[in-house]
K.L.:
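For reference, the structure I am asking about is given below.
What you see below is based on every heavy atom in this structure, not just the backbone, and it leaves out hydrogens, waters and symmetry mates. Reminder, nothing fancy here: chain letters follow the sequence lines and each chain counts from 1.
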There are 2 protein chains.
Amino acid sequence: MLQTLTALAEPTRLRIVEVLGRGPRSVGEICDRLAIEQPQASKHLRVLRESGLVVVETRAQLRVYSLRARPLRELNAWLQRYRSIWAERLDRLDELVVDLTREKERNHGRKTRK
Amino acid sequence: MLQTLTALAEPTRLRIVEVLGRGPRSVGEICDRLAIEQPQASKHLRVLRESGLVVVETRAQLRVYSLRARPLRELNAWLQRYRSIWAERLDRLDELVVDLTREKERNHGRKTRK
DNA sequence: CCAGTACATACTCTTGCGAGTATGTACGCT
DNA sequence: AGCGTACATACTCGCAAGAGTATGTACTGG
């Protein structure tokens, strides 16, 4: 779970996952699509692979990556444990609380910034 | 979305969220429950608050934190976009990598790298 | 008003992570 | 066999993030 979240909590990797959400892609296709260098793609794909989020399929010189079901399903399962919290009917109340809190902090907190 | 994932992708913060999943808790309670020092708790709670995952309620000298609905709901919404991948009936599908698609991509696009 | 509680914040230090660069390797083609 | 493609890996560097420590601040009871 933590591993899955860690893998997803990076801009480039999140974008890779979103690209792969449309279907399997080779490393080159991912590089083109995201305008990143190839080594970066490979390294991020490595992290995604080690976290179990993707799998590789070697096809000639191509390495085709695709999303795996399990981690996403587990993430969903984890999230459902909190369904009682977020699946409520749209309560504006907690949004309001946030606004009030932010405003209060603005008033007295801020001292010197480095 | 990325902010939510970043906030969750840290062991201590994930544990804090799980504690708060059982209901609102004060900072002291969180420290006791997780056996961490108070400044660490405060700092992590700050990150969680800035990411919108929690809210504070000041009660006397206590600061009671509780989970917020929206980020969790958004995470769920994001995850649902990939439901077609992980909610399939075929549980083994991603294990045995199917190689039926993609015949084209022989030689197109991929020329010289800048 | 004083002292203690309950937190937040500032600061330093260390480690990890991502970017950039260079090089290694497997495969196909002619 | 040799070359080009497609990708992985090694290495260095800079920076940001978490831990640890110390101190500041708000509220409350006596």
Side-chain angles (χ1 to χ4, degrees), chain A residues 2-3 5-17 20 24-51 54-66 101-102 104-114, chain B residues 2-3 5-16 20 24-51 54-66 99 102-114:
Chain A
L2 182 63
Q3 209 174 6
L5 290 168
T6 303
L8 291 175
E10 206 277 335
T12 305
R13 282 197 296 266
L14 187 60
R15 293 170 67 205
I16 290 178
V17 168
L20 291 182
R25 298 281 186 264
S26 70
V27 177
E29 288 174 318
I30 295 172
C31 288
D32 290 351
R33 201 75 165 72
L34 304 183
I36 58 179
E37 300 300 320
Q38 175 264 317
Q40 269 57 269
S42 286
K43 283 194 289 185
H44 284 305
L45 284 166
R46 179 184 168 91
V47 175
L48 290 172
R49 182 159 31 93
E50 287 174 348
S51 78
V54 303
V55 275
V56 216
E57 177 195 359
T58 302
R59 224 182 142 81
Q61 325 93 309
L62 297 181
R63 311 286 165 96
V64 180
Y65 284 81
S66 37
T101 305
R102 294 240 167 95
K104 193 181 299 183
E105 283 171 356
R106 206 170 315 153
N107 290 340
H108 62 64
R110 296 299 83 77
K111 277 296 159 55
T112 49
R113 193 120 309 218
K114 73 147 182 286
Chain B
L2 182 64
Q3 208 175 7
L5 290 169
T6 303
L8 291 175
E10 206 276 337
T12 304
R13 283 198 294 267
L14 187 60
R15 292 171 68 205
I16 290 178
L20 292 181
R25 298 280 187 264
S26 71
V27 178
E29 287 174 318
I30 295 172
C31 289
D32 290 351
R33 200 74 166 70
L34 304 182
I36 58 179
E37 299 301 319
Q38 175 264 316
Q40 269 57 269
S42 286
K43 284 193 288 185
H44 285 305
L45 284 166
R46 178 183 169 90
V47 175
L48 290 172
R49 180 161 32 92
E50 287 174 347
S51 78
V54 304
V55 273
V56 215
E57 178 191 358
T58 303
R59 273 168 85 111
Q61 324 97 306
L62 297 182
R63 312 285 166 96
V64 180
Y65 284 81
S66 37
D99 59 341
R102 310 206 142 271
E103 192 66 24
K104 39 172 186 166
E105 68 179 332
R106 265 304 162 188
N107 60 344
H108 92 295
R110 193 86 328 100
K111 281 300 189 276
T112 49
R113 196 121 302 177
K114 72 152 176 298

K.L.:
Is a salt bridge present between B:Arg33 and B:Glu29, judged by a nitrogen-to-oxygen distance below 4.0 Å?
P.N.:
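B:Glu29 and B:Arg33: not salt-bridged.
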
K.L.:
Would B:Arg25 and B:Leu20 satisfy side-chain contact (heavy atoms from CB on, under 4.5 Å), going step by step from the backbone distance to the final call?
P.N.:
CA-CA 6 Å; B:Arg25 298 280 187 264; B:Leu20 292 181; 3.8 Å; yes

K.L.:
Write down the atom of A:Gln3, the atom of A:Glu50, and the distance for their closest heavy-atom approach.
P.N.:
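Between these two residues, the closest heavy atoms are NE2-O, 3.5 Å.
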
K.L.:
Is the shortest side-chain N/O distance from A:His44 to OP1 or OP2 of C:dA19 below 4.0 Å?
P.N.:
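Checking A:His44 against C:dA19: at least one side-chain N or O falls below 4.0 Å of OP1 or OP2.
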
K.L.:
Can you check the B:Gln61 CD to C:dA6 P distance for me, whole Å?
P.N.:
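Rounded to the whole Å, the gap is 6 Å.
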
K.L.:
Could you tell me whether the side chain of B:Lys43 has a donor or acceptor atom within less than 3.5 Å of a complementary atom in the base of D:dA19?
P.N.:
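Result: at least one qualifying N/O pair found.
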
K.L.:
Take the protein atom CZ of A:Arg25 and the nucleotide atom C1' of D:dA6, then report the distance between them rounded to whole Å.
P.N.:
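It works out to 17 Å between those atoms.
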
K.L.:
Taking CG from A:Leu14 and C1' from C:dG18, how many angstroms apart are they, rounded to a whole number?
P.N.:
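Rounded to the whole Å, the gap is 16 Å.
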
K.L.:
Strictly below 4.0 Å, heavy-atom distances to any atom of DNA chain C: list the hits from residues 26-39 of chain B, or just say none.
P.N.:
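Correct list: B:Ser26, B:Val27, B:Gly28, B:Gln38, B:Pro39.
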
K.L.:
Within the structure provided, determine whether A:Val54 and A:Ser66 are in side-chain contact (heavy-atom separation under 4.5 Å).
P.N.:
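No; the side chains remain at least 4.5 Å from each other.
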
K.L.:
Between the main-chain N or O of A:Pro39 and the side-chain N or O of A:Glu37, is there a donor-acceptor pair closer than 3.5 Å?
P.N.:
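No: the side chain of A:Glu37 does not pair with the backbone of A:Pro39.
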
K.L.:
Could you check which of D:dA8, D:dT28, C:dA19 has an atom nearest any side-chain atom of A:Arg63?
P.N.:
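Of D:dA8, D:dT28, C:dA19, D:dA8 is nearest to the side chain of A:Arg63.
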
K.L.:
Tell me the interatomic distance from A:Leu45, atom CG, to C:dA19, atom P, rounded to whole angstroms.
P.N.:
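In whole Å, C:dA19 P and A:Leu45 CG are 12 Å from each other.
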
K.L.:
What are the two closest non-hydrogen atoms of B:Leu2 and A:Ala9, and how far apart are they?
P.N.:
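Looks like CD1-C, 4.0 Å.
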
K.L.:
What's the closest nucleotide to the side chain of A:Ser42 if the choices are D:dT9, D:dA8, C:dT9?
P.N.:
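From the listed options, D:dA8 comes nearest.
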
K.L.:
Rounded to whole angstroms, how far apart are CD on B:Glu50 and P on D:dG18?
P.N.:
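It is 12 Å, rounded to the nearest whole Å.
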
K.L.:
Could you tell me whether the side chain of A:Arg13 and the main chain of A:Leu8 form a donor-acceptor pair under 3.5 Å?
P.N.:
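No: the side chain of A:Arg13 does not pair with the backbone of A:Leu8.
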
K.L.:
What integer distance in Å separates B:Arg46:CZ from C:dA6:P?
P.N.:
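It works out to 22 Å between those atoms.
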
K.L.:
Can you tell me how far P of D:dA16 sits from CD of B:Glu10, to the nearest Å?
P.N.:
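After rounding, the reported distance stands at 18 Å.
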
K.L.:
In this structure, how many angstroms lie between the C1' atom of C:dC7 and the CD atom of B:Glu57, rounded?
P.N.:
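Distance check: B:Glu57 CD to C:dC7 C1' gives 15 Å.
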
K.L.:
Check this one for me: any side-chain N or O of B:Tyr65 less than 4.0 Å away from OP1 or OP2 of C:dA6?
P.N.:
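Negative; the distance criterion is not met.
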
K.L.:
So what does B:Arg59 hit on the nucleic acid, given a heavy-atom distance under 4.0 Å: a base, only sugar-phosphate, or nothing?
P.N.:
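Here B:Arg59 touches no strand at all.
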
